[in-house]
> 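Let me begin by handing over the structure; questions about it come next.
Letters A, B, ... are given to chains in the order of the sequence lines, protein chains preceding strands, and every chain is numbered from 1.
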Amino acid sequence: MQVLSVHSWPQAIAHLDADAFFVSCEQASMPALKGKCVAVGKERGIIIALSYEAKAKGVKRGMFVSDAKRICPGIIILDSNHETYGLFSVRMFEILKRFSPKIEEYSVDEAFIDLTGLRRLYSCSYEEIAVKIQNTIEQELSISVSIGISITKVLAKIASKYKKPHGITAIPGNKIHLYLSNILIEDVWGIGPNTASLLKKFDIKTALDFALKNENFVKKYLSKPYIQIYKELKGEPSIEFIEKISPKSISKAKSFYPPSQKPEDLILPHQTMPFALSIYSLTLFLIMALKDRCFLFFKAISLAS
DNA sequence: CTGGGGTCCT
DNA sequence: AGGACCC
């Protein structure tokens with residue numbers, strides 16, 4: 001079998017996925033619920049999250065609560081509490097930021113972490129860094145997470161769900177093909193039912209079948225997002241890493257008309273009013289957007305000709 | 001095989 | 001605007 005990428009770690013991208021996140025948050029808040037069949041979704045009568053114990057009994061997401069109770073007598077059904085989940089999420093991302101400055105908050109319970117070059121700092125392998133992250137989250141938040149590490153985002157996604165719950169999976173560049181042969185094409189991030197059935201018409205059933213196709217085929221039948229997925233499966237980074245860094249400073253420029261000729265013009269109300277209004281609306285926006293995460297202050301109001 | 005909310009692409 | 005896909 002041909003090797004898709006020669007180098008083990010040209011870069012290291014981790015994908016973290018919390019295990020049964022909503023239920024884990026409830027169990028962390030109410031330890032008596034740990035190890036039990038627990039689900040969330042009482043208020044709508046539909047199961048939206050469930051513990052692994054409940055999964056083992058055959059309960060599924062989207063089921064009616066009444067059916068879940070029949071299949072799994074004694075299951076504890078809770079109202080969902082999204083404020084709590086948001087708090088756990090923020091605390092989880094804060095832990096991740098201690099390990100790497102480059103984090104992509106992908107969803108409430110998922111994140112990408114760029115670990116490239118951090119082995120020397122922690123004096124251990126990428127896999128062992130993932131273990132440290134997993135342990136820290138467990139100790140501080142008492143929730144369980146699974147982590148995958150590989151050389152692209154798509155491969156890291158595959159790695160994080162390779163072993164769940166509480167798994168750690170590393171896919172170095174020179175071992176990609178060994179993992180992709182076990183991955184169904186419809187299980188690849190970004191390949192939906194539509195594209196999966198198209199690819200199956202060409203006898204592409206696994207992620208490896210897809211990765212081994214030549215690029216001309218892919219460009220002929222598929223659009224941009226799928227070309228990116230194809231490249232990422234082969235170990236070539238193609239999907240942008242989106243860091244959501246809150247800006248250190250924000251500036252707002254406003255031009256005056258007519259242009260001022262001398263300093264005294266600047267104090268004329270009809271010219272400064274629009275500027276004051278735009279500052280006011282920008283400030284309101286910042287207060288809403290940044291809330292309690294930042295202190296807001298004005299550093300300078302500068303004038304240019 | 002449930003569904004509301006979101007993003008990215010054509 | 002509509003399609004595909006994600007959580």
Side-chain angles (χ1 to χ4, degrees), chain A residues 13-26 39-52 54-55 58-72 75 77 79-90 92-93 96 103-113 143-148 152-162 164-165 183-202 204 207 210 218-233 237-244 289:
Chain A
I13 305 296
H15 177 255
L16 177 145
D17 194 348
D19 304 320
F21 183 63
F22 290 180
V23 168
S24 291
C25 295
E26 299 293 350
V40 157
K42 196 179 181 191
E43 71 283 356
R44 292 178 53 211
I46 289 167
I47 305 293
I48 58 181
L50 61 157
S51 67
Y52 278 80
K55 259 176 218 177
V59 182
K60 298 246 190 311
R61 261 173 50 114
M63 262 174 73
F64 291 118
V65 166
S66 50
D67 294 334
K69 282 178 173 166
R70 244 184 341 94
I71 293 172
C72 181
I75 189 171
I77 313 282
D79 284 328
S80 59
N81 184 347
H82 291 274
E83 305 78 44
T84 304
Y85 312 148
L87 275 166
F88 273 87
S89 180
V90 167
M92 190 173 81
F93 295 136
L96 298 184
I103 306 291
E104 175 177 342
E105 298 177 11
Y106 180 68
S107 76
V108 68
D109 71 329
E110 285 181 41
F112 291 97
I113 310 138
I143 66 171
S144 165
V145 302
S146 298
I147 301 176
T152 66
K153 288 171 76 176
V154 167
L155 291 169
K157 261 274 196 184
I158 286 171
S160 70
K161 75 173 176 187
Y162 201 81
K164 245 185 158 316
I183 305 298
L184 262 23
I185 191 66
E186 61 265 35
D187 291 337
V188 175
W189 181 43
I191 307 284
N194 227 307
T195 309
S197 66
L198 170 70
L199 291 175
K200 279 179 183 171
K201 288 186 175 64
F202 294 98
I204 296 166
F210 190 35
V218 179
K219 285 185 172 159
K220 185 170 161 71
Y221 293 107
L222 298 167
S223 57
K224 183 177 171 182
Y226 305 99
I227 296 164
Q228 287 183 307
I229 291 165
Y230 166 77
K231 287 180 176 173
E232 292 241 329
L233 284 174
S238 185
I239 300 176
E240 198 189 351
F241 194 102
I242 305 159
E243 290 176 77
K244 291 177 192 99

> With the side chain counted from C-beta on, respond yes when H15(A) and K153(A) share a heavy-atom pair under 4.5 Å apart, and no when they do not.
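They are not in side-chain contact.
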> Should S146(A) and D17(A) be marked as a side-chain hydrogen bond (donor to acceptor under 3.5 Å, both in side chains) after you check the CA-CA gap, both sets of side-chain angles, and the distance that decides it?
CA-CA 5 Å; S146(A) 298; D17(A) 194 348; over 6 Å; no
> Could you tell me how the ring of Y106(A) sits relative to the ring of W189(A): parallel (under 30°), tilted (30 to 60°) or perpendicular (over 60°)?
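The arrangement is perpendicular - the two ring planes meet at more than 60°.
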> May I have the distance from R44(A) (atom CZ) to dT2(B) (atom C1'), rounded to whole angstrom?
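That distance rounds to 8 Å.
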> Less than 4.5 Å apart, any side-chain heavy atom of I13(A) and any of L155(A)?
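The answer is no, as the side chains (C-beta and beyond) never meet within the 4.5 Å cut-off.
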> Any donor-acceptor pair under 3.5 Å linking the side chain of E232(A) with the backbone of S238(A)?
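Checking the backbone N and O of S238(A) against the side chain of E232(A), a donor-acceptor pair under 3.5 Å is found.
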> How many Å lie between CD1 on I47(A) and C1' on dT2(B), as a whole number?
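Between C1' of dT2(B) and CD1 of I47(A): 12 Å.
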> Measure from NZ on K60(A) to C1' on dG3(B) and round the result to the nearest Å.
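Atom-to-atom, K60(A) to dG3(B), this comes out as 19 Å.
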> Please produce a list of atom pairs where a protein N or O lies less than 3.5 Å from an N or O of nucleotides 2-7 of chain C.
unit_1 : atom_1 : unit_2  : atom_2 : d
dA4(C) : OP1    : N194(A) : ND2    : 3.4
dA4(C) : O3'    : Y226(A) : OH     : 3.3
dC5(C) : OP1    : G192(A) : N      : 3.1
dC5(C) : OP1    : T195(A) : N      : 3.0
dC5(C) : OP1    : T195(A) : OG1    : 2.6
dC5(C) : OP2    : N194(A) : N      : 3.3
dC5(C) : O5'    : G192(A) : N      : 3.4
dC6(C) : OP1    : G190(A) : N      : 2.6
dC6(C) : OP1    : I191(A) : N      : 3.3
dC7(C) : OP1    : K157(A) : NZ     : 2.4
dC7(C) : O3'    : S107(A) : OG     : 2.9

> Hey, is the main chain of F241(A) close enough, under 3.5 Å, to the side chain of E104(A) for a donor-acceptor pair?
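Side chain of E104(A) to backbone of F241(A), a donor-acceptor pair under 3.5 Å: no, none is there.
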> Taking distance alone, no hydrogens or angles, what donor-acceptor pairs closer than 3.5 Å link side-chain atoms of residues 82-90 of chain A to residues at least two apart or in another chain?
unit_1 : atom_1 : unit_2  : atom_2 : d
T84(A) : OG1    : N81(A)  : OD1    : 3.1
T84(A) : OG1    : N81(A)  : ND2    : 2.8
Y85(A) : OH     : E26(A)  : OE2    : 2.6
Y85(A) : OH     : N81(A)  : N      : 3.1
S89(A) : OG     : V108(A) : O      : 2.7

> Side-chain contact test, heavy atoms from C-beta onward, threshold under 4.5 Å: evaluate it for I47(A) versus K60(A) and give yes or no.
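SC-SC contact between I47(A) and K60(A) ruled out.
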> Rounding to a whole Å, what distance do you find between D67(A):CG and dT2(B):P?
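Rounded to whole Å, this separation is 12 Å.
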> If you restrict it to nitrogen or oxygen atoms, what contacts under 3.5 Å exist between nucleotides 5-10 of chain B and the protein, and what is each distance?
unit_1  : atom_1 : unit_2  : atom_2 : d
dT10(B) : OP1    : K224(A) : N      : 3.2

